[in-house]
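All chains are named by letter (A, B, ...) in the order of the sequence lines, taking the proteins before the strands, and each is independently numbered beginning at 1.
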Amino acid sequence: MTLGSIRHEIRIHRSAADVWARVGDAAGLHTWFPGITNCQVDGKNRVIMLGSGAPLPEEILVNDDTQRRFQYRITAPIFVHHRGTIDVIALDDQECLVVYSTEADPRTMALTIAGGTAGALDELKRQMETN
Amino acid sequence: MGRKILFVTTDQQRYDAIGCNGGMVARTPVIDALAAQGHRYERAQPQSVVCMPSRSTIITGQHVSTHGVWMNGVALPVDAPSVAQVLNDAGYRTAIIGKPHFEPFLDPFMRFVENSFSREPLVGTHRGFEHFEAATHGGQGMLAYARWLTANHPEAVRMFYPVLDGTLEVNAMGGGETGAPQVWENDIPKDWYHTDWVADRTINWLDGLEGDDDWFCWMSFPDPHHPWDPPKSELGRIDWRDVPLPEGYPQTAAEREAILDGKPRHWKAWYDGTLVSNYEAPAHWVPATLTADQVREVNQRNAIECELIDEALGRVLAAIEAKGWGDDVDIVFTTDHGEFQGDFGLLFKGPYHVDALMRIPLVWRPAPSSAPAPSAVTRPVGLVDLAPTFCAIAGLPVPEWMEGKPLPVDDTDADTRGFERSLTEWDSDIFGVAVHLRTITRDGWVCTTYQAGHSHDGTEGELYRLADDPLQRVNLWNDPGYAAIRSDLLADLWDHQPAMRQPLRRVEAPV
């Protein structure tokens, strides 16, 4: 096993509830994740369409409004293991911390996917702080 | 009408890979002739020994710490300074054809625009290039060469060596007759191979220009970087059994291990297979298993790739002559960094600042109309000096953001203009393994200091006197007899080494 584990986080000057409303919308990932062009959700299954045109199937594991935690795994065969976790943590009434963790085997996919998640956090912050 | 510029780069080519620098395996008459007509640099060094940081230095004219592309997988921002933009703004037609690698190639989200130019044509300019046609080491992917191969010769797409293995690590699979890693018999016809494609596309672009256009064309060959998979039809050029072992290859295990034991511990740890500190070499290959015959076969394939590049360059020069531009074209030939090719019993590259990786070929053949006086320049110069050189050729002032100087034309010129030192830096931090090196080359010394990281506590270093130890086998760092020169070199290093820009640019992908 070659497990890679990478974490990115960002402070967003917006309430945790507002940010979670976006993050917890499983079908809306493509609206704030650059490089994902579409999402289709069917129950616990989600298929995201990558910018390269390739579909990537996922299983939604946790979508917890109380903890404000969204967790999923990519089920494509190239991944021996994958776990993506997004936590929205209130810092005060007007600011939150969003943590996007990626673990994957093979580990190189953790680095490749996590590059995208970091860009997604930047875009989420931009949208939440300007809208 | 001004001087036109053909800028030719290879990828991962040693200083001694070409005949004019003493290479004995590959025949490179075209490059050798350019060197005889112009300036050949005997101590040219990259500012980084991996692709993306080094190429970012070439285009920006800045040290790595300044442009901030501190390891492979870090993208050079699209709005970073670019010498191509300076030239384009001055009226030059501009193109890059071949391997750019300013942005990561492993890009499933297609977040990086350079990976999409083959399907969404460039509008306007990008980094100052009005034409951007990209290739890398294989036939798959989104770059222009891969799409051309897929469209025209789909049967050839999978003929190349698979650079990555099933776990997306750099592949350790061996091939050829010796089982050497990344050696492969490639059935692709020579005409379809990326070396010829780069030359063909360059000629095509040049053919579209007007006779009185000024132009800057960066022709960037992906070879002789691994994989070593030249077209099988060309293997008869050189019998690997006839390839001499390199001078830098210690022929017994005991000798190799004794040399490596004198260096900072990540050297021997890599050799033993206990630490792969970066993504530049196969994760599952143990250098201690490398045999002498494998070194010969790797160097055979590498030399064949160098010959193909030389011949491709010759075709481009013939096309330039046919256009009537011959007297007005400056040609600069170099690479981004070197390759071990058996030195110390190693292959590939990594955080190892020795001549195998740091001494690179550099030839500048000024336009014959400028009546250059041929020379061999021995003073240290760097890739950071290329962008200012292009400005000087074009008759433009060197922008303040460039940190190099136009290349000297001889040693007297170098001394007059203060070419005293070259700086090279390495930073990597991947999967919990961080390595940080800073190196100065000056007065015939190479001095590297290690900052604290995974395998180092910040006290380690390397010190070599090139005149006495050209193969850098005896590390003088801890020799009290050299403490004074060590201190002097380190002081000079820190006086001139730019601080790393903060915050650090983000690692987006392994490569």
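Per-residue counts of heavy-atom pairs under 4.5 Å with chain B were compared for A:Asp122, A:Ile6, A:Thr117, A:Ile48; the largest is that of A:Asp122. Ranked by heavy-atom pairs under 4.5 Å with chain B, the list A:Leu50, A:Ile113, A:Leu111, A:Thr112 is led by A:Leu111. In terms of non-hydrogen atom pairs under 4.5 Å with chain B, the most contact-rich of A:Ala54, A:Gly119, A:Ser5, A:Ala114 is A:Gly119.
By the 4.5 Å heavy-atom criterion applied to side chains, B:Val49 and B:Lys349 are not counted as neighbours.
A donor-acceptor pair under 3.5 Å is absent between the side-chain atoms of B:Ser428 and the main chain of B:Met71, judged by distance alone. For the pair A:Arg14 (side chain) and A:Met128 (backbone), a donor-acceptor distance under 3.5 Å is present. Side-chain atoms of B:His226 never come within 3.5 Å of backbone atoms of B:Trp228 as a donor-acceptor pair (strictly under, hydrogens ignored). Between the B:His101 side chain and the B:Met52 main chain, no donor and acceptor come within less than 3.5 Å of each other. A distance-only check finds no donor-acceptor pair linking the side chain of B:Asn278 to the backbone of B:Val433 [under 3.5 Å]. Judged by distance alone, the side chain of A:Lys125 and the main-chain N or O of A:Arg11 form a donor-acceptor pair under 3.5 Å.
More than 12 heavy-atom neighbours from other residues, nucleotides or ligands sit within 6.0 angstrom of CG on B:Asn152. Residue A:Asp92 places its CG atom among more than 12 non-hydrogen atoms of other residues, nucleotides or ligands, all under 6.0 Å distant.
Side-chain contact annotation: B:Thr57 with B:Gln62, donor-acceptor N/O pair under 3.5 Å absent.
Taking the ring centroids of A:Trp20 and A:Phe70, they lie at or beyond the 6.0 Å cut-off. Centroid-to-centroid, the aromatic rings of B:Phe340 and B:Tyr352 come within less than 6.0 Å. Aromatic rings of B:Phe132 and B:His126 (six-membered ring for Trp) have centroids within the 6.0 Å cut-off, being under it.
Here B:Arg201 contributes atom CZ and B:Ile97 contributes atom CD1; the two are 7.5 Å apart, rounded to the nearest 0.5 Å. Put simply, OG on B:Ser82 and NE2 on B:His67 are 12.5 Å apart, with the number rounded to the nearest 0.5 Å. Residue B:Asp429 holds its CG atom at 5.0 Å from CH2 of B:Trp70, rounded to the nearest 0.5 Å.
With a threshold of 4.5 angstrom between heavy atoms, A:Ala118 approaches chain B through its backbone and through its side chain. For chain B, no part of A:Leu56 is nearby; none of its heavy atoms comes within less than 4.5 Å. For chain A, the nearby part of B:Ala283 is the side chain; its heavy atoms alone come within less than 4.5 Å.
Stacking of A:Arg46 on the aromatic ring of A:Tyr72 is recorded, both the 6.0 Å distance cut-off and the 45° axial limit being met.
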Report task. Before giving the answer on salt bridge (charged side-chain N to carboxylate O under 4.0 Å, His left out), spell out for B:Glu103 and B:Arg111 the whole-Å C-alpha distance, their side-chain angles and the decisive distance to 0.1 Å. Result -> CA-CA 10 Å; B:Glu103 296 179 343; B:Arg111 293 184 300 131; over 6 Å; no
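Using a 4.5 Å heavy-atom cut-off against chain B, no residue of residues 57-69 of chain A qualifies as contacting. Near-neighbour residues of residues 500-511 of chain B relative to chain A, defined by a heavy atom under 4.5 Å from a heavy atom of that chain, comprise B:Arg506, B:Val507, B:Glu508, B:Ala509, B:Pro510. Within residues 24-39 of chain A, the residues that have a heavy atom under 4.5 Å from a heavy atom of chain B are A:Phe33, A:Pro34, A:Gly35, A:Ile36, listed by number. Near-neighbour residues of residues 156-172 of chain B relative to chain A, defined by a heavy atom under 4.5 Å from a heavy atom of that chain, comprise B:Thr167, B:Leu168, B:Glu169.
Using a 4.0 Å cut-off between charged side-chain N and carboxylate O, B:Asp223 and B:Lys99 make no salt bridge.
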